[in-house]
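Atoms within a ligand are numbered from 1 in the order they appear, just like the ligands themselves.
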Amino acid sequence: MSETEKLHSDLLDQISDLKTKVAEKTLIESALSAYQEKLNLFHANTSEGISYLQLDPPLPIDLPPLEFAEKYIKSAKITEANRAFAKMYGFEHEDDVIGKTLLDFWIGDTEQLKEYLLPWVSNNFTLKNQLSKEKNKYGEVIYFINNTVGIIKDGLMFGLWGTQNDVTEQVLAQEKLKESENLYKNLFYANPIPMWVYDRTTLKFLEVNDAAINNYGYSKDDFLNLTLKDVINFEGSKLTSHSFKSVLQKHKKKDKTIIDVEVSSHKIVFEGYEAELLLANDVTEKIFFNNAIQSLLKETNDIAYDFLNAFVKELSYLLKVKYIFVGKVIEDSSRKIRTIAIAVDGFTGNNFEYSLKDTPCEMVVGKAPCIYENDVQSIFPNDHLLVEFGIQSYVGIPLFASNGKPIGLMVAMDDKPMKNLTMTKLFLSIFASRASSELERIGIDEALRESEERLKLALTASKQGLYDLDLSTGIAKIDSTYSQMFYNNPNRKSETNEEWINRIHPEDRELVLNAYNDYVNKISENYKAEARHKNAFGEWIWILSMGKIVEYDSSGKPKRLVGTYLDITDRKLQEAKIQEYLNTLENKNAELERFSYTVSHDLKSPVITIKGFLGMLLDDAKSGNIDRLVSDIERISKAADKMQSLLEDLLLLSRLGKIVNPSAKFSTKELLKETLDLLQGQITPKNVKIIIDENLPDMEADRTRIGEVFQNLIENGIKYLGDQQNPIIEIGFSTKNKQHTYYVKDNGIGIQKEYFEKIFGLFDKLDPNTEGNGIGLAFVKRVIELHGGKIWVHSDGPGKGSVFYFTINPKMQRSAN
Ligand code: ADP
């Protein structure tokens with residue numbers, strides 16, 4: 001083959017090859033265009049955003065990453081994008097985004113973008129599902145998940161294909177979720193109230209907040225190994241069922257102290273567990289505070305000293321503060337304080353006086369509250385009392401009188417830093433005004449006290465009781481003399497109005513109440529009443545009560561009545577006795593009057609008789625009429641006898657009242673025997689049967705006079721038999737309360753009831769025609785009364801006989817006057 005032929009043949013080969021290639025190319029091209037078609041179709045219809053960033057000029061990929069990023073930002077421009085891409089940024093058409101650069105969609109500055117790109121540079125220019133935060137045409141934040149691939153050739157990057165999905169909605173939703181999660185987390189962890197999450201079934205703690213850790217003393221790890229049961233103190237609370245609100249429980253800290261908590265719980269799902277979120281609000285202080293206020297109010301019902309003493313004691317005990325005292329400014333030198341009430345460790349301490357100079361109290365009195373939490377001694381080095389008591393901490397509150405004048409202070413001190421410092425200050429402040437008014441009251445009381453003290457001395461000497469009545473409550477404070485008087489108990493301190501009224505004698509009540517009401521209602525100018533009151537032994541005693549209002553309330557109504565009780569029983573008895581004597585005297589006078597009248601009348605008639613017959617005697621003698629003379633002399637003799645009998649009775653009467661001799665014991669039966677012997681001349685003729693009780697007890701009295709009493713009574717029994725055919729006189733006795741009553745009983749004429757008293761009077765005779773002068777029973781009565789006894793008569797009426805009863809009481813025997 002020639003060169004030419006060879007050339008030709010080669011050429012032919014080449015042409016045919018070319019032809020084949022051209023054919024192949026066409027094939028490829030058509031395949032390519034089909035592919036392009038498909039791609040375009042895909043681009044147009046996919047929801048993914050697709051874009052091509054072209055780098056002009058291309059960048060060497062081995063540039064330092066920062067430099068590459070910088071240049072990339074500058075040279076990258078969108079040259080291709082689909083509709084979806086454009087829409088993602090708020091544009092209508094893909095052409096609208098052509099030519100846009102990275103910075104057009106970036107939120108933030110170039111520096112921030114550079115930083116964002118660095119990981120991509122170092123990661124071989126590929127991104128897989130990378131989240132980006134960009135902005136749309138309107139500046140709104142949009143989030144994308146991005147995938148990219150760089151077009152690199154010969155060490156140069158020409159461009160970058162990227163696809164992206166809009167995930168804005170999801171991201172925003174998630175952000176919101178995160179936000180609220182954070183919020184709850186913060187609420188939980190940073191909450192000042194201790195909180196736990198625990199497993200509903202095992203009660204194991206799953207999570208715990210800082211407040212719980214701080215409050216209970218357990219570490220977080222400790223807690224996560226504990227269950228709810230480990231913090232509940234089952235003495236005083238029980239495990240309540242799940243999900244509850246405001247239940248009071250007692251919880252136990254790691255150091256074993258018990259606290260009061262108010263717990264609430266609700267169901268949550270926590271990390272897949274069915275759990276409970278529990279809040280435990282420590283209310284120990286609140287409860288303590290409430291209880292303390294209550295007990296302070298309860299324990300301090302008193303006033304003045306009693307209140308302040310009870311108050312400091314209770315407070316020192318409650319707050320566990322070593323010293324609490326209330327001090328009063330001493331009037332004469334305002335630089336000195338006297339403590340009025342002091343408590344040491346909950347007990348009453350000894351009061352003392354001190355000078356304010358160089359003490360912490362100097363800063364308080366008349367000024368303001370002061371608190372020294374610690375080391376108060378070094379602040380007041382000249383206060384030797386602080387050293388003496390070993391004081392470290394100090395709280396002082398000034399007290400003012402109602403007129404604003406400094407009156408004193410309340411102080412709490414401890415030999416260590418005070419545990420309940422704020423609480424202490426709070427309590428002192430709360431009770432400051434009360435303490436002030438009590439101090440003021442003490443001041444007023446003290447002024448009164450001196451005069452009262454003097455009065456008291458006088459009262460004790462005169463055995464007077466003292467009362468101090470609060471008219472608003474009706475309760476009177478009473479002193480020991482008073483309480484001894486009515487309650488036989490000097491320690492009783494008060495009495496109610498009711499108790500007072502009830503022990504007044506019902507007959508005197510109205511009188512006392514009228515006197516009291518008249519005074520209180522300002523009708524009368526003073527209160528004074530004499531009345532019978534029942535004492536502790538049920539006896540009636542006479543009381544002179546007086547009173548004076550010493551205090552009025554703001555509306556001018558009487559508030560306080562102070563007064564005395566004087567036992568005037570003796571005086572009243574004396575008065576009664578005097579009255580009795582006066583009555584006796586009156587009777588005696590009346591008797592004497594009647595007596596002198598009767599005597600002069602009775603004596604006159606025999607004298608007139610004698611005088612008349614003496615004249616006649618003379619006539620008879622002259623005329624020698626002996627018969628008439630004898631009968632005249634008889635008449636004169638009779639009249640003289642009558643006079644003698646009258647004079648004898650008079651003599652007897654003159655002895656009345658001074659007839660009693662000292663008492664002696666004697667046999668009553670024997671005495672009666674002698675008496676009956678004397679009366680034999682009257683008994684026998686009238687055939688009177690005398691019956692004497694065999695058991696008649698012995699007597700202790702003036703034997704002679706009692707003999708005359710029996711004689712008189714028996715004589716009367718014989719005298720006033722009337723027409724009784726079987727006269728009987730009975731002498732006997734009965735006994736009641738160890739007291740013997742003797743009687744002389746007859747079955748004679750009897751006595752009408754209306755004369756029961758009268759017959760004992762002097763010269764009182766019921767029938768003037770009977771023998772006797774009406775002196776006997778008057779004499780008998782006097783003898784019996786001088787023996788401290790009584791005599792009385794009983795008769796069922798005329799014809800029914802009479803009984804004369806008498807008693808004697810030798811101890812009451814009075815000497816004659
Ligand atoms: P007299 O001297 O009159 O007896 P008395 O004082 O003894 O005086 O008595 C006063 C009066 O009391 C008598 O006059 C009589 O009327 C009445 N009297 C006294 N004792 C009795 C009696 N046993 N029965 C009835 N009447 C009596």
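- In this structure, OG in S734 is found 10.0 Å from CG in D693, a value given to the nearest 0.5 Å.
- Within the listing of ligand 1, atoms 24 (N), 25 (C) sit less than 4.0 angstrom from a heavy atom of S802.
- For F804 and F710, the gap between ring centers reaches or exceeds 6.0 Å.
- Look at F804 and you'll find a heavy atom under 4.0 Å from some atom of ligand 1.
- The contact set between ligand 1 and I749, taken as ligand atoms under 4.0 Å from a residue heavy atom, comprises 25 (C).
- Side-chain N/O atoms of Q484 and N488 include a donor and acceptor closer than 3.5 Å.
- Ring geometry, F733 versus Y742: the interplanar angle falls from 30° to 60°, so the pair is classed tilted.
- For ligand 1, the atoms lying closer than 4.0 Å to a non-hydrogen atom of K719 are 1 (P), 2 (O), 4 (O).
- Looking at I751 against ligand 1, only its side chain comes within 4.0 Å, counting heavy atoms.
- At a 4.0 Å heavy-atom cut-off, ligand 1 does not touch N712 at all.
- For the pair G748 and ligand 1, no heavy-atom separation below 4.0 Å is found.
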message: For E507 and R532: C-alpha separation, side-chain torsions, deciding distance, then whether side-chain contact (heavy atoms from CB on, under 4.5 Å) applies.
response: CA-CA 9 Å; E507 286 171 16; R532 284 161 289 176; 3.1 Å; yes
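- A donor-acceptor contact under 3.5 angstrom links the side chains of S545 and Y527, judged on distance only.
- In this structure, S795 falls outside the shell of residues with a heavy atom less than 4.0 angstrom from ligand 1.
- The N/O atoms of L777, backbone and side chain alike, include one that comes under 3.5 Å of an N/O atom in ligand 1.
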